[in-house]
Amino acid sequence: ILANLFYDVATRTSSSFTAAMERLGGSVIPINEVRYSSVSKGESLPDTVRTLECYADVVVLRHPEVGSAALAAKYAKKPVINAGDGIGEHPTQALLDSFTIKEELGHIDGLTITMLGDLKYGRTVHSLSRLLSLYKAKLNYVSPEILRMPPEIIDELSVKGVEQAEFNTIAPVLSETDVLYVTRVQKERFADLADYESVAKAYVIDPEIMRSAKDRMIVMHPLPRVTEISLEFDEDPRAAYFRQMEYGLYVRM
Ligand code: CP
C-alpha cells in the first residue's frame, strides 16, 4: 500500500506512482489535495507522515519546501520517496530521465547533454546533473543570466571531474548536442512578475532551430511545457518527451 501525499500540484508524478503501484497489484491512499486532510487543521508534516505509515508500506511525498522529504524521512520508519521538494530535488524524475537516455540512445557515457531554460529553480535539472555525474557525459547549461545553474551544483560536479560549460544562447552548442533537456521557466517561482516576463520566452525550440541539430539526438522535457517547445516539433522523431513520460511509469514500478 502506497500513500501518495501531495502538498503541491502534480499530474505525471502523482498519477504515474498510482498507476505503477496498481499495475504491481498494490493499492494507493491518494492524498492529492492536503486541504481535505488534517493538514488543514494544522497537523505537521512529521505527524502526517507518521500517521500514513501506520496504514501504508511506503510514502511518496511532494512538498513545496526544500528539505521536506529529508525531514519526513527523519521521522518515518517506512521508506519515503521524494517526489519533488520545492526547488530542491526530483530524484525519481532523474531516474526516469537517465532511463530515457539509455533507452533512446543506448548509453550515457560519451554524450553531450545540454540543459536549457530555468536551471536555477528547476529541481529536475538539479537531480539529473547530479545523477549524470556518475557517468562520463559532458554537460552544457544554457540559461538566462538570472536562471543559471546554482554555483554549488557546478562546484560539486567540478570536484567529480565533470566537464561543464555555461551559455546564454543555444546556438554555440546545439550542433554537438546528443540530448537537449528543455525546462519550463516557472512563473510560480518569481516574486517579481517583471523578472519572469523578461525571460519567459527566452528560448523556443521549433522545427527551424532544430535544423542545425543532429539527426540522431533527442529532445527531452520533464513537462508540463508552456511555450518553450513549439507544438509543430511534436511530430519530429527526435521529440522524446511523450515517450519519456511513459518510461516514468515503468521506472516507478
Ligand atoms: N515532471 C513532473 O514532475 O511533472 P508533474 O509536476 O506533473 O508531476
Side-chain angles (χ1 to χ4, degrees), residues 2-23 28-35 58-70 72 80-104 113-132 143 147 149-150 153 179-190 196 200 203 205 218-229 231 233-234 239-253:
L2 169 87
N4 226 13
L5 178 59
F6 279 68
Y7 287 73
D8 206 357
V9 293
T11 299
R12 277 144 290 271
T13 312
S14 169
S15 50
S16 63
F17 266 115
T18 298
M21 182 52 89
E22 291 187 354
R23 282 168 183 260
V28 179
I29 300 171
I31 305 191
N32 285 325
E33 180 50 270
V34 291
R35 176 154 62 101
V58 56
V59 177
V60 169
L61 174 69
R62 173 165 291 187
H63 196 283
E65 286 167 25
V66 174
S68 52
V80 174
I81 295 176
N82 183 0
D85 61 333
I87 63 168
E89 297 267 357
H90 196 348
T92 64
Q93 179 76 41
L95 291 172
L96 79 88
D97 290 341
S98 58
F99 179 85
T100 300
I101 298 170
K102 283 190 179 180
E103 193 70 8
E104 296 274 327
I113 297 171
T114 299
M115 300 181 183
L116 173 83
D118 176 1
L119 308 184
K120 178 179 181 182
Y121 300 122
R123 58 190 168 209
T124 65
V125 288
H126 301 165
S127 290
L128 181 59
S129 57
R130 286 183 164 125
L131 182 53
L132 292 173
S143 71
L147 295 177
M149 181 66 88
I153 295 182
V179 176
L180 178 61
Y181 193 97
V182 183
T183 64
R184 176 176 65 96
V185 175
Q186 302 172 79
K187 190 176 184 181
E188 66 273 24
R189 306 289 182 206
F190 287 81
Y196 166 72
Y203 311 105
I205 298 303
I218 54 170
V219 176
M220 297 173 61
H221 193 309
L223 303 175
R225 76 166 149 189
V226 190
T227 56
E228 59 279 2
I229 301 177
L231 300 183
F233 185 66
D234 290 354
Y241 29 94
F242 296 120
R243 299 191 293 275
Q244 177 186 354
M245 258 194 303
E246 185 177 343
Y247 297 140
L249 168 69
Y250 306 124
V251 169
R252 289 182 171 124
M253 285 173 79

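The figures that follow rest on heavy atoms only: side chains count, while hydrogens, waters and symmetry mates do not. Ligands are counted one by one from 1 in listed order, and the atoms in each one are counted from 1 as well.
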E246, CD: over 12 other non-hydrogen atoms inside 6.0 angstrom: no
Enumerated ligand 1 atoms positioned under 4.0 Å from heavy atoms of Q93: 1 (N), 2 (C), 3 (O)
Protein heavy-atom partner closest to atom 4 (O) of ligand 1 - residue, atom, separation in Å: R12 NE, 3.1 Å
NZ or CZ of R62 within 45° of F6 ring axis and under 6.0 Å: no
Contact (N/O only, under 3.5 Å) between P222 and ligand 1: yes
For R225, all residues meeting side chain to side chain contact (heavy atoms under 4.5 Å, CB included), sequence neighbours excluded: H221, L223, E228, I229, L231, D234, Y241, F242
Close N or O approach (R123, ligand 1; < 3.5 Å): no
Residue R243 excluded, over 12 heavy atoms near CZ under 6.0 Å: yes
Atoms in ligand 1 flagged as close to R62, the criterion being non-hydrogen separation under 4.0 Å: 3 (O), 5 (P), 6 (O), 8 (O)
Shortest non-hydrogen contact between R252 and R12, atoms and distance: NH1-O, 4.2 Å
Identified side chain to side chain contact (heavy atoms under 4.5 Å, CB included) partner of L5 from the options I29, I31, V60: I31
Element-labelled atoms of ligand 1 that are located less than 4.0 Å from some non-hydrogen atom of T11: 5 (P), 7 (O), 8 (O)
Per atom 8 (O) of ligand 1, closest listed option by heavy atom (D97, L96, T13, L223): T13
